[in-house]
Amino acid sequence: MTRFIFITGGVVSSLGKGLSSAALGALLQARGYRVRLRKLDPYLNVDPGTMSPYQHGEVYVTDDGAETDLDLGHYERYTGVPARRSDNVTTGRIYSNVIAKERRGDYLGGTVQVIPHVTDAIKEFVVSDLDDEDFVLCEIGGTVGDIEGLPFLEAIRQLGNELGRERTLFVHLTLVPYIPSAGELKTKPTQHSAKELLNIGIQADMLLCRCDREIPADARRKIGLFCNVREKRVIQALDVDTIYQVPIAYHEQGFDTEVLGHFGLLEEEDKDSLDLSRWRDVVHRVREPEGEVTIAIVGKYTNLLDAYKSLAEALNHGGIANNVRVKLNWIESEIFEREDANYYLEDCDGILVPGGFGSRGAEGKIMAARFAREHKVPYFGICFGMQMAVIEATRSLLDIADASSSEFGPCEHSVVGLLTEWSRGNTVERRSASGDLGGTMRLGAYPCVLTPGSRVAEIYGDRLEIGERHRHRYEVNSAYKEQLEQRGLKFSGMSPDGILPEIVEIPDHPWFVGVQFHPELKSKPFDPHPLFRSFIEAAVNQSRLV
Ligand code: GLN
């Protein structure tokens with residue numbers, strides 16, 4: 001029997017609903033249950049694929065090629081369960097499906113309304129494409145009281161009724177702020193938020209209260225009394241020094257125990273039958289590293305950390321694997337177009353150019369790749385970062401000064417060009433320059449064949465076929481492959497049909513690797529991605545040289 005846990009948020013946004021959901025998923029998993037995590041997003045974009053990272057942070061890509069909310073990254077990193085297209089839906093997607101059905105005449109002349117048609121579509125989404133998991137944790141984006149969120153809240157209210165209390169649980173995440181002038185923690189915002197939820201017909205079963213200090217027992221009692229929640233189910237979510245501590249901290253506060261209690265799954269002897277050792281090990285490594293390396297990330301959205309969420313996480317995982325702290329030095333690439341790159345890069349132990357779009361800042365990224373190649377500093381180019389490294393090598397090693405990408409406009413030597421046709425399994429996908437922008441990139445997991453004896457083959461443990469996730473419209477042009485290989489830039493990973501370059505590397509360099517895919521999406525704290533593990537290892541070696 002699958003049980004559904006709905007997680008809503010109140011008071012303010014950014015309380016970490018995604019992480020809280022992921023942490024609860026990890027705890028239930030540690031108790032031996034099978035979990036799946038989902039996110040309902042109340043905005044009108046069909047998916048976040050066309051949104052600027054400034055609006056929405058990173059776009060997380062699933063194996064099956066969906067462009068989804070970054071919270072799915074937290075879910076996957078914490079539980080190891082690969083996210084799927086069916087784990088994220090937006091108002092835009094729900095409405096476009098409902099309207100398509102209306103156009104087809106599926107509603108047989110009926111008036112199409114938010115209730116029941118939109119809410120039915122939401123409910124259908126929540127309960128479909130499951131594999132008989134024990135728990136589905138379903139996070140509702142936004143905060144209670146937002147107009148956009150109402151159809152989602154109404155849908156989960158109905159589900160609570162239809163599935164019954166024994167199969168559903170409502171968790172509400174709120175803030176209990178400390179007011180310095182009063183010297184007190186305030187419970188009123190939580191009371192109001194729980195009431196707002198009740199107005200919609202949802203009685204929270206459990207409150208997760210974010211706070212920067214212990215909530216005294218009497219304050220917890222008061223919250224429980226006013227919000228009609230058992231005192232033991234008012235759980236404090238104290239700030240922690242590392243996000244990997246969250247599952248442990250929640251367990252110590254009895255979160256998972258109370259969740260199981262609600263579902264009648266808690267036998268007395270079961271109380272402590274969970275193993276959190278892998279989380280304790282990760283926390284230990286984060287808190288007590290044996291050294292430190294500095295990685296320069298030369299990108300475009302460097303003042304918004306959410307834009308590179310999985311990347312920052314994967315670099316930390318690389319640090320965990322090598323027992324070092326990874327200091328991230330975010331550098332806006334445009335700066336190199338005005339100022340000397342050496343000044344910014346000479347003290348770092350590794351340079352990473354992440355994924356990106358558009359010409360702004362591209363020349364700066366090319367300069368960062370040049371600096372890394374010439375000064376023999378470890379270089380990791382991801383997607384756009386690989387493309388810029390290949391442009392750099394073509395300009396410097398092949399003396400083709402106008403080598404560029406057709407993403408920046410027409411050019412004679414498009415070393416990186418628009419991908420108009422590629423195969424996925426047995427089907428051929430076709431695109432044109434004038435097609436839609438949404439959902440039309442090369443998306444999701446594709447296989448890649450590695451060259452035996454190459455650095456990447458060694459990094460991947462001598463596996464010669466790997467699968468990694470993609471999200472790009474342009475592709476390195478293999479017409480320059482032979483010439484570049486002669487000058488030392490090897491194409492050590494190709495699509496199985498041998499057409500699309502997937503990985504380039506310079507063997508005669510401490511560590512210079514460019515990948516067309518996004519390895520950061522698959523890294524986990526307790527299973528760091530081999531490329532990040534190896535890149536940070538190279539940075540550790542580099543730091544010993546300086
Ligand atoms: N803009 C490049 C492309 O579309 C790279 C995309 C990326 O880095 N994710 O191919």
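As the structure lists them, so they are numbered: ligands from 1, and atoms in each ligand from 1. No experiment lies behind these values; they were computed from the predicted model shown. These numbers come from the heavy atoms of this one structure, side chains and all, not from hydrogens, waters or symmetry mates.
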I'd like to know if the side chain of R442 and the backbone of E475 have a donor-acceptor N/O pair within less than 3.5 Å. no

Considering only heavy atoms, which protein residues lie less than 4.0 Å from any atom of ligand 1? G355, G356, F357, C383, F384, Q387, E407, R471, H472, R473, Y474, H518

Tell me, please, which residues at least two apart from R104 pass salt bridge (charged side-chain N to carboxylate O under 4.0 Å, His left out). D106

Looking at P530, is its backbone amide N or carbonyl O close enough to the side chain of S534 to form a donor-acceptor pair, meaning the two atoms are under 3.5 Å apart? no

Is it true that a side-chain atom of E485 and a backbone atom of F491 form a donor plus acceptor pair closer than 3.5 Å? yes

Could you tell me if E58 and S310 have a donor-acceptor pair between their side chains, going purely by distance under 3.5 Å? yes

Would you say the ring centers of H470 and Y446 fall short of 6.0 Å from each other? yes

